[in-house]
Amino acid sequence: MDLRGSRLTVATCSLNQWSLDFGGNRQRILQSIRQAKALGASLRIGPELEISGYGCNDHFSEIDTFLHSWEVLKDVLTDPDTANILCDVGMPVMYRNVAYNCRVIFFNGRILLIRPKLFLAVGGNYRENRWFTAWTHFRTLDREFILPDFIRAATGQATTSFGDGVIATRDTVIGVETCEELFTPDSPHIHMALDGVEIFTNGSGSHHELRKLYTRVDLIREGTRKSGGVYLYANQQGCDGERVYYDGCAMIACNGDMLTQGSQFSLTDVEVVAATVDLDAVRAMRASFISRSVQAANAKPYPRVVLDISLADLQPKYRALTLPRDVRYLAPEEEIELGPACWLWDYLRRSGMAGYFLPLSGGADSAAVACIVFSMCRLVHAACVAGDPTVLADVRRLLAKGPDYVPASPQEVCGALFHTAYLGTVNSSAKTRQLAQALADQIGSYHATFAIDTITSAIVTVFSAFSGKQPQFKVHGGTHTENIALQNIQARVRMVMSYLLAQLLPWHRGQSGTLLVLGSSNVDESLRGYLTKYDCSAADVNPIGSISKLDLRAFMRHFQKKIGGEALISIVSTPATAELEPITATYTQVSEDDMGMTFEELSMYGRLRKIARCGPYAMYLKLADIWRDRLSLPQIADKVKFFFRMYAINRHKCTVLPPAYHAEAYSPDDNRFDLRPFLYNAKWTWQFDAIDRRVREMAAEEGAGAAQPDVD
């Protein structure tokens with residue numbers, strides 16, 4: 001410890017890494033190190049598995065992934081720009097034929113410590129234990145880990161330390177956490193702090209979820225408020241090839257105060273933030289916390305890897321301290337505006353496709369998707385005006401423009417990259433057609449209107465020629481089966497037309513390439529199964545597939561205030577309708593009537609089913625408390641049973657939904673997040689019998705309670 005006092009400048013970052021893009025990942029890591037040094041930092045940390053990319057998934061079962069990660073590390077170690085700064089990078093490492101998710105800490109070309117992850121993220125979107133093993137030898141180091149031959153040849157280093165240890169310099173001690181370890185009840189930083197570790201690094205791969213930032217910030221601030229210390233949090237930022245978006249927000253906190261915070265959503269590939277911290281403030285806080293000192297005096301020590309330098313000597317002698325600041329939180333509607341937009345931009349620029357196509361119905365869901373795409377265009381235009389070289393290069397490539405091109409407006413970007421079409425039938429209203437056109441005009445998308453009745457009529461005619469029967473809609477006397485079949489054929493024709501237009505519209509405009517088709521089914525409709533299998537929900541990607549109807553409405557009201565216009569006001573205020581049945585003087589199709597439940601009820605069912613982990617019986621018990629002031633117990637029971645019956649019947653539809661941006665903790669994504677059967681006994685006999693018994697018991701208990709006389 002340097003008793004003269006110690007001010008250190010430390011840096012963390014958010015990187016837009018891409019799974020298996022080893023060359024690009026190396027470039028972004030080196031750029032972040034250069035930026036950290038330019039900010040005067042003596043320590044730089046980066047995101048989890050930043051060398052390989054976090055989302056490699058089963059590619060972590062391939063030896064190639066480990067080999068190429070070491071190759072990138074060799075380049076980083078030997079690059080002159082990494083000299084005189086302590087670095088903490090993330091990569092997969094094999095130790096005695098066991099794969100670990102590791103942090104590699106190095107200085108001046110020498111690997112000081114390889115620290116494997118102690119507690120793996122398992123659950124929800126995470127399944128790290130499919131590829132990695134948790135390191136369970138706590139506070140244990142193998143100091144003879146043999147490095148690959150090409151590392152030895154490049155650096156002259158043959159072995160290093162592997163395991164659960166910390167780095168001790170002349171002026172401080174640095175410990176490592178990785179992502180999930182911060183979220184565990186018995187986090188490693190608690191024990192490291194008691195053993196004198198003053199700086200904690202956390203390289204994370206934490207994806208966005210609405211309102212999730214509060215949890216991260218609370219954990220970091222409370223951890224350092226109670227234990228003292230400096231906490232550096234790094235995160236990935238962007239779409240690295242999966243359904244999730246990593247929302248950056250690199251942070252540095254000290255003794256419970258937030259010192260600096262990076263952007264949560266950005267098109268910038270490399271963002272570095274730094275803070276100058278006072279380690280004496282950490283020491284003073286800890287020393288004055290007497291009960292903590294008693295625990296620290298008896299703490300089990302961590303093995304130390306000694307780096308015989310003073311980090312303070314790597315930076316200017318005097319630097320002003322970074323003062324505490326308020327944490328910046330975005331409202332959910334702002335998160336919806338920015339998160340899916342950034343995800344769509346990464347998907348587009350990395351996919352090699354020419355743009356996006358959306359069937360724009362004039363309803364709320366497709367309008368929300370259109371607004372998100374326009375938000376993407378606004379972000380792209382702003383980045384171009386600001387001179388972001390990566391965004392400018394991508395825009396010029398996508399739009400086939402010259403090296404000096406800068407788009408004049410978001411609408412110019414939108415007109416080139418975003419194609420919309422109104423695919424109407426005789427059941428479509430003039431109002432929705434006009435609203436679709438008005439919104440397209442406002443945002444600048446290339447828009448067209450098509451009537452698809454000739455196609456749907458031809459298909460029905462083929463069936464009638466075979467059967468000799470003419471199916472009718474319900475309002476014309478048809479059965480439920482006829483009515484559903486006639487609705488579904490319209491929906492499925494729209495899907496076929498969407499892919500045709502996605503392929504031919506660029507050709508029609510004299511452009512090259514093919515468009516990605518966007519879906520527009522929300523999380524509530526997917527949960528209920530209120531969609532046609534292989535209709536417009538069958539897209540390439542869906543930016544709102546994990547967002548609730550309630551949040552989408554709030555988002556559109558928020559976005560309308562930003563861009564103005566009357567179309568969004570009218571769209572949000574109009575009851576949701578599929579417009580698949582004929583409109584008569586006495587009948588207009590309304591989605592909530594079709595579903596037999598409101599979107600507010602659906603959101604409640606979704607949260608209880610997934611977040612609260614309720615089956616039918618447990619859900620009834622909770623709703624009996626929540627809804628008891630407005631519904632009778634039998635009515636609540638009927639609603640719960642109806643939801644689970646519809647959910648069971650329609651669960652199979654979730655197996656074919658397109659990849660959707662993950663935003664909501666009750667998403668029914670069958671691919672990764674919400675693993676359930678798709679063939680249920682929809683009668684739920686045992687569960688529903690339990691509900692019925694409890695209804696009778698509760699009614700009897702209420703009756704008995706009401707019969708008791710008042711006693712003074």
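Counting begins at 1 with the first residue of the sequence. Note that the structure is predicted; figures quoted are calculated from it, not measured. Below, all heavy atoms of this structure are taken into account, side chains as well, without hydrogens, waters or symmetry copies.
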To the nearest 0.5 angstrom, please state how far the [atom1] atom of [X] sits from the [atom2] atom of [Y].
{"X": "Phe559", "Y": "Ser375", "atom1": "CZ", "atom2": "OG", "value": "5.0 Å"}
{"X": "Asp269", "Y": "Asn25", "atom1": "CG", "atom2": "CG", "value": "10.0 Å"}
{"X": "Ile105", "Y": "Ile114", "atom1": "CD1", "atom2": "CD1", "value": "9.0 Å"}
{"X": "Thr184", "Y": "Phe119", "atom1": "OG1", "atom2": "CZ", "value": "5.5 Å"}
{"X": "Tyr666", "Y": "Lys610", "atom1": "OH", "atom2": "NZ", "value": "13.0 Å"}
{"X": "Leu120", "Y": "Glu180", "atom1": "CG", "atom2": "CD", "value": "8.5 Å"}

Just by distance, do the side chain of [X] and the backbone of [Y] share a donor-acceptor pair under 3.5 Å?
{"X": "Ser548", "Y": "Ser603", "result": "no"}
{"X": "Thr9", "Y": "Ala275", "result": "no"}
{"X": "Thr155", "Y": "Gln157", "result": "yes"}
{"X": "Gln261", "Y": "Arg328", "result": "yes"}
{"X": "Arg7", "Y": "Arg319", "result": "yes"}
{"X": "Arg103", "Y": "Asp88", "result": "yes"}
{"X": "Asn235", "Y": "Ala250", "result": "no"}
{"X": "Glu337", "Y": "His558", "result": "no"}
{"X": "Arg115", "Y": "Val176", "result": "yes"}
{"X": "Glu271", "Y": "Ser14", "result": "no"}

Walk me through it: do Asp21 and Arg26 pass the test salt bridge (Lys or Arg N to Asp or Glu O under 4.0 Å)?
CA-CA 8 Å; Asp21 179 25; Arg26 176 189 61 185; over 6 Å; no

If you compare all heavy atoms of [X] against all heavy atoms of [Y], which two are closest, and at what distance to 0.1 Å?
{"X": "Thr268", "Y": "Gln237", "value": "O-OE1, 4.0 Å"}
{"X": "Ser42", "Y": "Leu314", "value": "CB-CB, 3.9 Å"}
{"X": "Ile372", "Y": "Ile336", "value": "CG1-O, 4.0 Å"}
{"X": "Ile33", "Y": "Asp81", "value": "CG2-O, 3.7 Å"}
{"X": "Val395", "Y": "Trp345", "value": "CG2-CH2, 3.8 Å"}
{"X": "Arg607", "Y": "Asp551", "value": "NH2-OD2, 4.4 Å"}

Is the shortest side-chain heavy-atom distance between [X] and [Y] below 4.5 Å?
{"X": "Tyr329", "Y": "Val327", "answer": "yes"}
{"X": "Phe132", "Y": "Pro92", "answer": "yes"}
{"X": "Val166", "Y": "Ile174", "answer": "no"}
{"X": "Leu113", "Y": "Phe106", "answer": "no"}
{"X": "Tyr245", "Y": "His207", "answer": "no"}
{"X": "Leu213", "Y": "Gln264", "answer": "yes"}
{"X": "His381", "Y": "Cys384", "answer": "no"}
{"X": "Pro47", "Y": "Cys13", "answer": "yes"}

Salt bridge check: are [X] and [Y] linked by an N-O gap of less than 4.0 Å?
{"X": "Glu50", "Y": "Arg44", "result": "yes"}
{"X": "Arg211", "Y": "Glu335", "result": "no"}
{"X": "Arg225", "Y": "Asp218", "result": "no"}
{"X": "Asp79", "Y": "Lys74", "result": "no"}
{"X": "Glu198", "Y": "Arg286", "result": "no"}

Counting neighbours of CD on Gln27 that are heavy atoms of other residues, nucleotides or ligands and sit closer than 6.0 Å, is the number greater than 12?
no

Is the distance between the ring centroids of His191 and Tyr302 under 6.0 Å?
no

Is the centre of the Phe673 ring less than 6.0 Å from the centre of the His662 ring?
yes

Asn202 and Glu48: side-chain hydrogen bond (donor to acceptor under 3.5 Å, both in side chains), yes or no, with the steps?
CA-CA 8 Å; Asn202 186 323; Glu48 186 172 11; over 6 Å; no

Kindly indicate, with the supporting measurements, whether the criterion salt bridge (Lys or Arg N to Asp or Glu O under 4.0 Å) is fulfilled by Asp394 and Arg350.
CA-CA 9 Å; Asp394 287 330; Arg350 288 171 168 171; over 6 Å; no

Do [X] and [Y] have side-chain N/O donor and acceptor atoms under 3.5 Å apart?
{"X": "Thr224", "Y": "Asn255", "value": "no"}
{"X": "Gln236", "Y": "Asn16", "value": "no"}
{"X": "Ser206", "Y": "Lys212", "value": "yes"}

Walk me through it: do Glu333 and Met556 pass the test side chain to side chain contact (heavy atoms under 4.5 Å, CB included)?
CA-CA 8 Å; Glu333 51 267 30; Met556 285 191 287; over 6 Å; no

Candidates Trp135, Phe145, Trp131 - the one meeting ring-ring contact (aromatic ring centres under 6.0 Å, His included) with Tyr100
Trp135

Set out, in order, the CA-CA distance, both residues' side-chain angles and the distance that settles side-chain hydrogen bond (donor to acceptor under 3.5 Å, both in side chains) for Tyr54 and Glu128, then state yes or no.
CA-CA 10 Å; Tyr54 182 84; Glu128 291 179 10; 2.5 Å; yes

Given ring pair (Phe, Tyr, Trp, His ring centres under 6.0 Å), test Phe265 with His208 step by step and report yes or no.
CA-CA 10 Å; Phe265 306 104; His208 173 240; 5.0 Å; yes

For the salt bridge (Lys or Arg N to Asp or Glu O under 4.0 Å) test, which of Arg139, Arg304, Lys300 pairs with Asp195?
Arg304

What do the steps show when you test Arg110 against Asp308 for salt bridge (Lys or Arg N to Asp or Glu O under 4.0 Å), and what is the final call?
CA-CA 13 Å; Arg110 184 171 185 83; Asp308 190 22; over 6 Å; no

May I have the step-by-step check of side-chain hydrogen bond (donor to acceptor under 3.5 Å, both in side chains) for Gln17 and Tyr246, ending in yes or no?
CA-CA 10 Å; Gln17 303 297 71; Tyr246 300 96; over 6 Å; no

Dump the intermediate steps for side-chain hydrogen bond (donor to acceptor under 3.5 Å, both in side chains) on Asp164 and Thr140, then the final yes or no.
CA-CA 5 Å; Asp164 183 21; Thr140 300; over 6 Å; no

